[in-house]
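Worksheet: one structure, shown below.
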Amino acid sequence: MAKEILYRDAIREALDEEMERDENVLLLGEDVAYIGGNFKTSVGLYDKYGDLRVKDTPISEAGFLGMAVGMALTGLRPVVELMFSDFLLVAGDQAFNQMAKIRYMSGGQATVPMVVRMPIGAGRSSAAQHSQSMQAMAAHFPGAKVVLPSTAQEAKGLLKTAVRDDNPVLFFEHKMEYSNKFVIDDEVEPIPFGKANIVMEGRDVSIAATSSQVMKSVRAAEKLRSEGISCEVIDLRTLVPFDRESVIESVKKTGRLLVVDEAYEFCGVGAEIGMNVMKDVFYYLDAPIGRISTPNVPLPFSPALEFPILPSEEKILRAVLSLMGK
Amino acid sequence: MNNVFAKTQKARLLNFYRVMYRMRRFEEEVFEFYKKGMMPGLAHLYLGEEAIAAGVCAALNESDYIGSSHRGHGHLVARGARLDKMMAEILGKKDGYCKGKGGSMHIMAMDKGILGANGIVGGEIPIATGAAYAAKYRGTKQVAVSFFGDAASNEGTFHESVNMAAAWDLPVIYVIENNLYGISVDIRDVTNTENLADRAKAYGIPGVVVDGMDVIAVFEASAKAVKRARDGKGPTIIECKSYRWQGHHVGDPGEYRSRKDKNEKALWMERCPVKNYRARLLSRGDSIDEKDLLDIEASVEEEIKDAVRFASDSPYPDASEAFEDLFA
């Protein structure tokens, strides 16, 4: 059976089901309790689970993310919400020097089962400090898994996996999806990390995309189909671990690769994935590997400036045509 | 001689000495390894600050947690961590606590409730606070102690953590080891607070200043703070006034400390927590005599010898192990 649901409610359902399943799971962050989250992803959980388990924190990102590390080290499974992924920088030391490294530094004595959920993405005129996509930076550091769900179904399934994972997980939700409606299964099982999802099969161009860019890629691919171009759309799902085999397999078939991700371009996801698979796909390529990302300027406020620099369906379409020599 | 000292039992009094003497001798041997060129990297020695960890940890139960700093060897010794595995770790050996992946600054011993030593100043303060939250959440009556230096009390993580712990009555004790310097910078030149414990007032919790060279004074203050935490009444800040015998780390002569008073170090060293406590025990004039102390010293020497042998004999990890232990 299937049902219609908002992306934000799929997140809430995943949290609710995991909290119900395991009393070690708790949620903390700014505004998560009484009002149910800035993007309304935890509505009702405070009433259901109480103040100690769904905790409104002060505006102290390093402090409460670090506290979650201590909780995780001592056997709880905290889920931290950062209101915007930009704020990951405020808690940067706790996330990357502490959370992500403690297991390794301890020679494997410690486990740090925790999730840091945070919205990425531009498109709301939120300007340069509330619009960034921090996944490329996050994936640069060893020790944490990096997850980017596309649809509501993916968000729910991947979040369940994140909560059950014994490692720290950086979980990036796209803020432009929260109010979008999706059809999902009544019961959503956890979706394993490190296994990309082939959303559309195709022969001519492989499009490896993350988060919202998956849906944009599918829409572009549908238009391209009428022009006789067959795209294979790959939802990468997780950057860490990266399912390089699926990408390589696809490119060997199509001979062309376009990487679509909203993080900044320089040292970004496209750069990494292109280089990562290069030696395995080089002799199969019919065109240089392409990428669509956000150019290296801070996200501007005015829609007149913001939209033109973001990845879009139109840009994907043009990039695919270019890879096809059209 | 204060009341507690007079009343405390012989075994406990001797144990304070044993713990401090172990720390002292351990650090001296670490320094020897450094001087012989056998230690990779650096170490930040606890020499001079022994009374703090010894006094605080004596007030804890085995199931309690501590978070430690870059100057963490003393905290680990006081929690009963194995000296041989500590020494092996400091030398980067396979049999070290962290299999050679952490080194001096990051020794962790989860089985002793040691949540890790931290190379980032102030980095472990929220982590220990989170352990306290977990204890409260579970209702286990455990407490957490966070050890850090004077300089860490100027980090945002200190203020953020203390604020949350105070707001939520978390069972945590913040122990400021005030040795007056953050590397070369005199805390008095960068902070307009005579007693760092006074910062507790801003958060509505008790802040206590104690003589960090006096293990009994530290124990007394800690026992009170631990009881308060266990009773669900919330956190305490304890500032221990102390001094480090060495510079910031091995190889740093720390001469910058003589710019205001060339006798500063000598004056502090006269107040040596280990030697003075030893003299104090003998001056009690009752059941503790020289032989008790010589026995402790002899057994610690044996333990140190074994630790040095263990660490020296332990192999280095295989290069392939660099890729292990990243994910669970």
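Chain identifiers are assigned alphabetically (A, B, ...) following the order of the sequence lines, protein sequences preceding nucleic acid strands; residue numbering begins at 1 within each chain.
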Is [X] in contact with chain B via its backbone, its side chain, both, or neither, using a 4.5 Å heavy-atom distance?
| X | value |
| --- | --- |
| A:Ala144 | backbone |
| A:Asp51 | backbone |
| A:Asp166 | both |
| A:Thr111 | side chain |
| A:Gln109 | both |
| A:Val90 | neither |
| A:Lys101 | neither |
| A:Ile59 | neither |

Do the side chains of [X] and [Y] get close enough for a salt bridge, i.e. N-O under 4.0 angstrom?
| X | Y | answer |
| --- | --- | --- |
| A:Arg12 | A:Asp16 | no |
| B:Glu321 | B:Lys94 | yes |
| A:Lys156 | A:Glu17 | yes |

For [X], I'd like to know if atom [atom1] has over 12 heavy atoms of other residues, nucleotides or ligands within 6.0 Å.
| X | atom1 | result |
| --- | --- | --- |
| A:Glu249 | CD | no |
| B:Lys233 | NZ | no |
| B:Glu324 | CD | yes |

_Atom group of B:Thr157 that falls short of 4.5 Å from chain A, counting heavy atoms_ = side chain
_Below 4.5 Å, heavy-atom pairs only: which of A:Ala100, A:Gly75, A:Ala68 has the largest tally toward chain B?_
A:Gly75
*Who among A:Ser106, A:Ala110, A:Ala72 has the most heavy-atom pairs with chain B under 4.5 Å?*
A:Ser106
*Most chain A-contacting option - heavy-atom pairs closer than 4.5 Å, from B:Cys98, B:Gly67, B:Ala109*: B:Cys98
*Heavy-atom pairs under 4.5 Å with chain A are the metric here; pick the option from B:Glu124, B:Lys99, B:Gln142 that has the most.*
B:Lys99
*May I ask you to test the A:Lys145-A:Phe171 pair for a side-chain heavy-atom distance under 4.5 Å?*
no
_Pair B:Met87, B:Phe310 - check side chain to side chain contact (heavy atoms under 4.5 Å, CB included), show working._
CA-CA 8 Å; B:Met87 195 65 94; B:Phe310 178 88; over 6 Å; no
